[in-house]
Every structure is written in structure tokens, then in C-alpha cells.
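Worksheet: one structure, shown below.
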2 protein chains.
Amino acid sequence: MVKTKVDSEELILDAARKVFTRKGMTGARMQEIADEAGINKALLHYYFRNKKQLFDAIFDDVFPRFIPALIQILNSDNSIEEKLSHFVSHYIDEFSHKAYIPVFILNEIHQNPERLASMSMAIEGMKTSRFMVQISEGIETGLYHPIKPAHLLSNLISLSVFPLISQPLLTRVFQMDDKEYMQFLEEKKKLIPELILESIKRN
Amino acid sequence: MVKTKVDSEELILDAARKVFTRKGMTGARMQEIADEAGINKALLHYYFRNKKQLFDAIFDDVFPRFIPALIQILNSDNSIEEKLSHFVSHYIDEFSHKAYIPVFILNEIHQNPERLASMSMAIEGMKTSRFMVQISEGIETGLYHPIKPAHLLSNLISLSVFPLISQPLLTRVFQMDDKEYMQFLEEKKKLIPELILESIKRN
DNA sequence: GTCTATAAGCAGATAGAC
DNA sequence: GTCTATCTGCTTATAGAC
């Protein structure tokens, strides 16, 4: 039995995600979310008692949404080289037009570190992924230099995320237009895996 | 002639910087700034007509404050190796207890990209620094691989900033206490310059 | 469940005394 | 220059009809 009528709760969540991730908790307005959802403010309070509850519902869901695909890449049967390449490409493609998402997450975490609770489980999967096991093995067999997991993962994420969230700055300073910036990101997809590999490979 | 009386305008600016950089434009409250400054709201409006003008005064000043020291490092007579090391160390020391500053800047730029205007001049100095000239020379003489300035600088900044702004996440995921995190940053001071050098040096 | 109307509280901004 | 008191408008939240 097909429901033709759309679910208001879903409409609200979609609208709230859009507004909150762009404007942040303090910058978002319940009226704007209602307008975006095509309903009225009262209905927001009917489904989610107040602004904070609605925000929490969004925040707790934003991060976990993106993690499974990344974990899957790290847990595949591919080589380390392929995983690095897939990971970076996926990451960049996912956020190249949504850089406001990582900025939103970083900002809200700094506003209220307790919000981390909903995120750390999602990240746990990266720490314990097959990729990290492969790295450990490479180190044990002498193929790679010893490197702490924290350093390896932070390098990988740093190099992937920052070019995205600093886009406004980068394009201005280096006078790139949209096309040049997208080209820049394509180059990153090759350069980042190379850089990470060079950093761990023994000569 | 020593003025014993403190300058109210300075008190306000100091307080506003503190509150705005932590809470952001939309999260900050004029009342909180007044309290922090030890004066009342009316005086805020006496010196700065409205919230936006006060915010602009702060924002336009935050970024330029940190740039000259970095430019100076890049323009010194030191070797590339020393410059990289000094740059990263200075960066990390400067922001290890103020990671909310780069988060604030990133967030506000994404809220309103026009704000970039006050920043790009400050960054211009990095692009045209003696460091970048040394890199160009290294490339011309075949000492280094060819690399676009945008990639080199973005790698350097990415690796330096992200470990700072992602501190809450990192420390949680890798279960570091404060001491271990500071140790982690100390290691970064060595690892980042090494990584950057490896990426450009010919074997 | 969904709406209109309205209450209640808050934050930015101003008036005016000192 | 600095304060207290107050206003105005906006934003969240609720009441109550349908």
C-alpha cells in the first residue's frame, strides 16, 4: 500500500538539516525551517518539542550518515594503495559541494563538546578497520616505517578535509575560478594518496 | 604622563574578541560582552553603533594578528628545512590552546564569504614569500619535484591546522588525555616538515 | 495532524539623567 | 563617558480551533 501523502516528520527533518547545517544552531530560525519544509512553526513544535530537541535529532544524524561508506572502503579486500585512493576520492566527491557540513560539525563540537558522544562510535570503525590492520602488518613485516595510527589517520583526514573547508580562502588567494578549483581537487585525489604512501614506505 | 584609567574601547574590544571568537556572530550576546568588559550594554553602542559593526571590527583584526609572525618565518634567511620546522612549531604553539580561533574564522567565512576581503591581503604575503621563491628555485634546479604553490601551501596548512581544530574528536577517538595530546602535537612538529620535504624532494 | 493567533521571553538598540 | 531604565522587534513556544 503506497502512501501518497508525504511524511511531515521527514519534511521537517530534511528542512532542519538544510538550515541547521548551513546556519548553525544559533543562526538557524524555526521560521526558516518551517518555510523550507512548507509547513508552519507550530508543527515543528508538535513533532519536536523545542529547537534544541530538533537540533539534536539533526546533529546526531549528520555525521553517522557519511561514515558507513568510508568504513566500507577501508574494510574492503583492496590493497592499501587502492583504499587510499578510493577513500580520498569518495571524501572529496561527497563534500566538494557540501563543505559547510564539516564546518558545521567542527563548529558545533567546539561550541559544545558533549555532542561528540554521537560521533565517536561512528569513528571507532575507522580505527579498527581492515585498512589499519593492513598498515600494522606492513609495519611488522618491515615494509612500512612505524607510524602511530593517530598520526596516519589525522594526516589522511587533514589533507582530505582542509582543501574542502578552506575553499573560499584558497580560491581567492590563488585566484581560481570554479573550474580550476575542481581541477585542483582532482589533483588532490592523486597527490594525497601518494603523499601518505611516501610517508610510510621504506625506501 | 601615565594614564591610570583604562581605555574603555580597549576593554570592549578585548571582551568582544573573547566572546565572538568563542560563540560566533550569531551565538554571541551583547550582554555577555558587556559583562566580560565590566561595563554595560549602552556603552557598547556608544563606541560601536551596533552588533554588526562591533563584530566587523573584531573579525577584520583576528586573522591579520597571526599572519605577520608566520610571514616573517617564511621570509627569513633560513633554509627551507628550518622554515618548515619553525612555521609548524609556531603555528601549533600559537593555536594549541586557541583552536577555537581557526574554527571561528572558517565558520564565519562560510556564513558570509564577503568577509574574506580583510584576510586575503594578509595571505598574499605567504604566496610571495621568500620561502616560495626558494621552492621555485629548488624546482628549477631539479632539486625538487614540480609542485604547484597551491598544493604545497594547502598541504602545509592542512597538516598544521587540522590536528588543532579536530582536537576534541582526536582525543576522544584515540583516548588521549591532555598530556598525550600535547605529546601528539610535539610529534607533529617533526612529522609535518618531514612529510612536506619528502613530498617534494627527488630521490 | 495541521492550522491561525497569540503569548512570553529575550536581545539589540535608544532615551535621557548624571 | 557612563549609567539606568525602557522600548521595539524578533524568536521561541503555546493555546485552541478545525
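Letters go in sequence order (proteins before strands), and every chain restarts at 1.
The stretch residues 34-61 of chain A touches DNA chain C through A:I39, A:N40, A:A42, A:L43, A:Y46, A:Y47, each having a heavy atom within less than 4.0 Å of the strand. For DNA chain C, no neighbouring residue in residues 9-32 of chain A is found when judged by any heavy atom under 4.0 Å.
In this structure, B:R202 and B:H145 have side chains that are in contact, with non-hydrogen atoms separated by less than 4.5 Å. Between A:F20 and A:K51 the shortest side-chain heavy-atom distance falls below 4.5 Å.
Between A:F55 and A:F48, the distance separating the two ring centers is not shorter than 6.0 angstrom.
Between the side chains of A:K190 and A:S85, no donor-acceptor pair of N or O atoms lies under 3.5 Å. Residues A:D35 and A:Q31 have side chains that bring a donor and an acceptor to within less than 3.5 angstrom of each other.
Ion pairing of A:R17 with A:D61 is present here, as a side-chain N (NZ or NE/NH1/NH2) and a carboxylate O approach within less than 4.0 Å.
A:Y91 and A:F87 have tilted rings, their planes meeting at an angle from 30° to 60° on a 0 to 90° scale.
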